[in-house]
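Chain identifiers are assigned alphabetically (A, B, ...) following the order of the sequence lines, protein sequences preceding nucleic acid strands; residue numbering begins at 1 within each chain.
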Amino acid sequence: MTVRVRFAPSPTGYLHLGAARAALYNYLYAKQTGGKFLLRIEDTDLARSTAESTRSILEGLDWLGLHHDEEVVFQSDNAEKHRAIAKKLLAEGKAYRDFTPKEETSDKTVKEAIVERARKVDKNMRDNPYRVLAVEESDARAANGEPFAIRLKVAETGKTVFEDEVYGLQEREYSDTEDLVLLRSDGHPLYNLAVVYDDIEMEITHVIRGQDHLTNTHKQILIYQALGATPPTFAHLPLILAPNKGKLSKRKHGEVVSLTTYRDAGFIPAAFRNFLALLGWSAGEEKEIYSLDELIKRFSLDHIHRSNAVFNFQEHDPRHWTDDKAMWMNAEYIRAMPLGELLPLVKSELKSSKLWREEYEDDEREWFERAIDLIRHRFFTLKDFSAQGRAYFSEDYDFDPAAIAKNLAKFPDLRDWLPELADRFEPMESFTEPEIETAVKAFTEEKGTKLGITMNGARTLLTGVAVGPSMLSVFETLGKEKTIMRLRSQVAWN
RNA sequence: GACCGGUUCGUCUAGGGGUUAGGACACCGCCCUUUCACGGCGGCAACACGGGUUCAAAUCCCGUACCGGUUACCA
């Protein structure tokens, strides 16, 4: 049997990191087994679902490179079938009409109300009088136009059992599961019914999802049984938590939770995918960097963790705004990935910063590649190419005040010396590292100063920042013309 | 409250009866160097607690604590 898995987000917001990881694991499992990775948008909650959210989810998956194998399924398209199946269960006596009037709850307090109600009484799940209402009366009241919800009739005794690929054997007494509502009194199908029906229709073989669904799974198994269908294999994933071990939510934690944040912050998709893969799973070896192919090859459900993982970031520290390891991994990718794969990413970053010039792919292609290869070693994100690296692509770059203070202001002599150094460069035929080195050393000696003072002064003037690769490489990469011009410029001093 | 699940360095994790409990990130130190957030070397740092079982427990069993999930006519 061919493996068919699905990622089934509800389009009520951005793509959450936990959801993105679930999508990734589904994808890896499908690819590893030669199966299909499907996508279903669970938009049955019309009030909260938005097209904007659907688009953002699709974009996020695309960015991570998780392409689905078949057409996207929109759950709302199946609403009619969901209703029909609920009615079928009703007709078969496996479900019953509940004429209890719907409780009006204000959206905000629902959660609290539920918890409150639940903790008060240890309620009997089978005491609903409509559960045992005579069919004739039920039919009559329905015919009379009285509104009703359809509930699944869960047996009094017994238990649901399934073997979870991650958490092992799971059992739950029927008495702990309520007669769940399948169809709302307004005819709207509910989540558990819709999911089961769609998973059957899509011929899903493995359901891989967050462990917040662990109790839903018991309910869903009941529906599978009522429908006479064989449940798929289940694998539940640990959750991704905030540093305080609480829920990671946009409301509380803001943009760090959203996948698109990372795209917009200049992350390399492969790097972030790599990071996500390792948050809750490991191949059991001392290795951190995995290509997509390696992940596909090594992934296995039984190496998924059972404990939740903390996504470690410090809200108020810009230096650690996201998980350090994610940032490190991105830097690692930037400096170690094949230059050919990095170039297009840098190109689009420069384009969006209006720093891109077509010559970089044409006459100046060689220069461009060398420059990128030179500066990438100290960068963390693609943004650094247009920010810290700006001086390589534009004359219009800023000077870091700290760099000026440290490397220029402290040595007033440099104000005259650096233009003089430019004069020294002027007649040079060949402007490559060895010649530059000889010139700078001779100049520094004449002035009776230290090499570091000249070099760092020049660095600040030429690049605007205090950090970077070897200054000799910088001179050579920038070229004689720009070097001279910038050494003579006085803007940094003003 | 009830049901379910979890607990190895600050974080991600390896290990699953006998290990100096390994790696990565972060942090700190030293080295390299014209600077540095590159690189090299090193350091700090963990088996939640209590009982069992066993010659031997981080590892198996029970309990406790703590954390998380669920408990909707949300998904």
Side-chain angles (χ1 to χ4, degrees), chain A residues 8-12 42-45 47-49 75 98 100-103 105 107 110-111 113-115 117-123 147-151 164 167-168 170-173 175-178 180-186 188 190-192 194-195 210-216 218 236 238-239 241 243 245-247 275 278-288 305-313 319-320 323-329 331 335 376-380 384 388 403 406-407 440 444 450-460 465-472:
Chain A
S10 59
T12 53
E42 310 218 313
D43 57 347
T44 59
D45 187 340
R48 289 195 296 154
S49 299
Q75 189 158 63
D98 182 359
T100 312
K102 187 188 174 199
E103 270 181 60
T105 36
D107 219 42
V110 192
K111 191 87 190 173
I114 290 160
V115 174
R117 186 199 313 160
R119 82 166 56 218
K120 260 191 188 133
V121 258
D122 207 346
K123 66 171 173 177
F148 58 85
I150 295 181
R151 284 186 185 272
D164 189 275
Y167 288 93
Q170 300 293 309
E171 298 181 296
R172 189 175 166 93
E173 295 291 332
S175 58
D176 290 322
T177 301
E178 63 168 349
L180 55 138
V181 173
L182 303 175
L183 207 62
R184 237 155 55 177
S185 53
D186 61 2
H188 189 86
L190 250 25
Y191 175 73
N192 283 306
V195 166
Q211 59 114 301
D212 47 333
H213 284 290
L214 225 30
T215 47
N216 273 332
H218 288 281
H236 288 88
L239 269 20
L241 269 28
K245 300 202 192 293
K247 223 176 185 165
F275 169 76
L278 260 25
L279 200 56
W281 170 84
S282 100
E285 55 186 355
E286 289 176 2
K287 178 175 157 78
E288 306 282 335
H305 259 230
R306 279 171 289 276
S307 55
N308 296 335
V310 168
F311 183 69
N312 199 21
F313 62 99
R319 206 178 143 81
H320 302 281
D323 195 294
D324 287 327
K325 199 154 191 175
M327 192 57 94
W328 166 78
M329 197 163 279
R335 55 185 172 247
R376 66 165 162 166
H377 289 95
R378 282 169 181 81
F379 287 172
F380 282 81
D384 290 332
Q388 289 206 65
K406 181 182 169 200
N407 297 328
V440 176
T444 303
K450 282 188 282 190
L451 195 57
I453 293 173
T454 320
M455 290 293 202
N456 289 321
R459 176 189 302 285
T460 303
V465 292
V467 303
S470 152
M471 203 44 215
L472 295 171

Can you see whether A:T177 engages A:R172 through a side-chain donor-acceptor pair at a distance of less than 3.5 angstrom? yes

At 4.0 Å (heavy atoms only), tell me whether A:L472 reaches a base, stays on the sugar-phosphate, or touches nothing. base

In whole angstrom, what separates A:N312's CG from B:C12's P? 7 Å

Would you kindly give the CE-to-P distance between A:M327 and B:C12, to the nearest whole Å? 18 Å

Output the rounded distance in Å from CE (A:M455) to C1' (B:U34). 5 Å

Would you classify A:F380 as touching base, sugar-phosphate or nothing, given that sugar-phosphate means primed atoms plus P, OP1 and OP2, and contacts are heavy atoms under 4.0 Å? base

Here's a test of your reading of the structure: between A:E171 and A:H188, which maps to the more 5' nucleotide of RNA chain B? A:E171

Mate of B:A24 where both pairing distances stay under 3.5 Å, Watson-Crick or G-U: B:U11

Please report the distance, rounded to the nearest Å, between CE in A:M329 and C1' in B:C12. 9 Å

Quick note, A:Q170 side chain, CB onward, closest among B:C4, B:U35, B:C74 is B:C4

Categorize A:P243 for me: base, sugar-phosphate, or nothing, with a 4.0 angstrom heavy-atom threshold over every strand shown. nothing

Now, which nucleotide makes the Watson-Crick or G-U wobble pair with B:G29, with each of the two distances under 3.5 Å? B:C41

What's the verdict on side chain to side chain contact (heavy atoms under 4.5 Å, CB included) for A:D164 and A:L214, showing C-alpha distance, side-chain angles and the deciding distance? CA-CA 9 Å; A:D164 189 275; A:L214 225 30; 4.2 Å; yes

Select base, sugar-phosphate, or nothing to describe what A:G284 touches, counting heavy atoms under 4.0 Å on all strands. sugar-phosphate

Side chain of A:R319 (C-beta onward), nearest among B:C27, B:C3, B:C74: B:C27

Rounded off to whole Å, could you give me the CG-to-C1' distance for the A:D324 and B:A26 pair? 5 Å

Minimal non-hydrogen separation, A:V310 against A:L279, with atom names: O-CD1, 4.2 Å

Watson-Crick/G-U partner (both atom distances under 3.5 Å) of B:G63: B:C49

Using a 4.0 Å heavy-atom cut-off across all strands, classify A:T12 as base, sugar-phosphate, or nothing. nothing

Pairing partner (Watson-Crick or G-U wobble, both distances under 3.5 angstrom) of B:C36: none

Checking all strands, does A:S185 fall into the base, sugar-phosphate, or nothing category for heavy-atom contacts under 4.0 angstrom? base

Interatomic distance at P, B:A58 relative to B:C41, whole Å: 33 Å

What's the NZ-C1' distance between A:K406 and B:U34, to the nearest Å? 10 Å

Give me the distance, rounded to whole Å, that separates B:U19 from B:G39 when you measure between the C1' atoms they each carry. 31 Å

From the candidates B:U34, B:A37, B:C12, the one with an atom nearest any side-chain atom of A:V310 is B:C12

When both hydrogen-bonding distances must be under 3.5 Å and the geometry is Watson-Crick or G-U wobble, what is B:A58 paired with, if anything? none

At 4.0 Å (heavy atoms only), tell me whether A:R459 reaches a base, stays on the sugar-phosphate, or touches nothing. base

Dump the intermediate steps for salt bridge (Lys or Arg N to Asp or Glu O under 4.0 Å) on A:K325 and A:D323, then the final yes or no. CA-CA 5 Å; A:K325 199 154 191 175; A:D323 195 294; over 6 Å; no

Separation of atom CG in A:D176 from atom P in B:A2, rounded to whole Å: 11 Å

Please report the C-alpha distance between A:M329 and A:L278 in whole Å, then the side-chain angles of each, then the deciding distance to 0.1 Å, and finally whether the side chain to side chain contact (heavy atoms under 4.5 Å, CB included) criterion is met. CA-CA 11 Å; A:M329 197 163 279; A:L278 260 25; 4.1 Å; yes

Looking at residues at least two apart in the chain, or sitting in another chain, which of them share a side-chain contact (heavy atoms from CB on, under 4.5 Å) with A:R306? A:V166, A:Y167

Given side chains that start at C-beta, do those of A:N308 and A:Q211 come closer than 4.5 Å, heavy atoms only? yes

Go through the N and O atoms of the side chain of A:N216 and the base of B:A75, and report whether any donor-acceptor pair is under 3.5 Å. yes

So if I take every side-chain heavy atom of A:M471 and compare against B:U34, B:A37, B:U35, which nucleotide ends up nearest? B:U34

Any donor-acceptor pair under 3.5 Å between the side chain of A:T460 and the base of B:U35? no

A:H320 side chain: which of B:U11, B:U35, B:A26 is closest? B:A26

Side-chain touch A:P11/A:S49, heavy atoms, less than 4.5 angstrom: yes

Given the rule in the side chain to side chain contact (heavy atoms under 4.5 Å, CB included) test, do A:D212 and A:L239 qualify, once you have shown the distances and angles that lead to the verdict? CA-CA 8 Å; A:D212 47 333; A:L239 269 20; 4.0 Å; yes

Got more than 12 heavy atoms from elsewhere within 6.0 Å of NZ, A:K450? no

Classify the nucleic acid contact of A:P101 as base, sugar-phosphate or nothing, counting any heavy atom under 4.0 Å across all strands shown. base

Side-chain heavy-atom pair A:K406, A:T460 within 4.5 angstrom cut-off: no

All N/O contacts under 3.5 Å from nucleotides 62-69 of chain B to the protein, with atom names and distances to one decimal?
from	atom 1	to	atom 2	distance (Å)
B:G68	O2'	A:N308	ND2	3.0

Under 4.0 angstrom, heavy atoms only, what part of the nucleic acid is A:G280 near: base, sugar-phosphate, or nothing? sugar-phosphate

Taking 4.0 Å as the cut-off, does a side-chain nitrogen or oxygen of A:R378 come that near to OP1 or OP2 on B:G39? no

Heavy-atom pair of closest approach, residues A:R459 and A:S470: NH2-C, 4.3 Å

Touch check for A:Y191, heavy atoms < 4.0 angstrom, all strands: base, sugar-phosphate only, or nothing? base

A:A149 vs A:N407, nearer the 5' end of RNA chain B by closest nucleotide: A:N407

Report, as a single string ordered 5' to 3', how protein heavy atoms within less than 4.0 Å touch nucleotides 18-24 of chain B: B base, S sugar-phosphate only, - not at all. ----BBB

Here the distance between atom C1' of B:C73 and atom CG of A:L190, to the nearest Å, is 6 Å

So if I take every side-chain heavy atom of A:D45 and compare against B:C74, B:C4, B:A37, which nucleotide ends up nearest? B:C74

Could you let me know what B:U70 is paired to, Watson-Crick or G-U wobble, both distances under 3.5 Å, or none if it's on its own? B:A2

Can you tell me which nucleotide in B:C27, B:G6, B:U35 comes closest to the side chain of A:S307? B:G6

Among the candidates B:C4, B:A37, B:A75, find the nucleotide nearest to the side-chain atoms of A:T44. B:A75

No-H, no-angle donor-acceptor pair, A:R48 side chain to B:C74 base, under 3.5 Å: yes

Mind checking A:A466 for me? I need base, sugar-phosphate or nothing, with any heavy atom below 4.0 Å counting as a touch. base

When you measure from the side-chain N and O atoms of A:H218 to the phosphate of B:U70, is any distance below 4.0 Å, counting only OP1 and OP2? no

Do A:H320 and A:N312 come within less than 4.5 Å of each other through their side chains, counting heavy atoms only? no

Side chain to side chain contact (heavy atoms under 4.5 Å, CB included) evaluation trace for A:N407 with A:M455: CA-CA 9 Å; A:N407 297 328; A:M455 290 293 202; over 6 Å; no

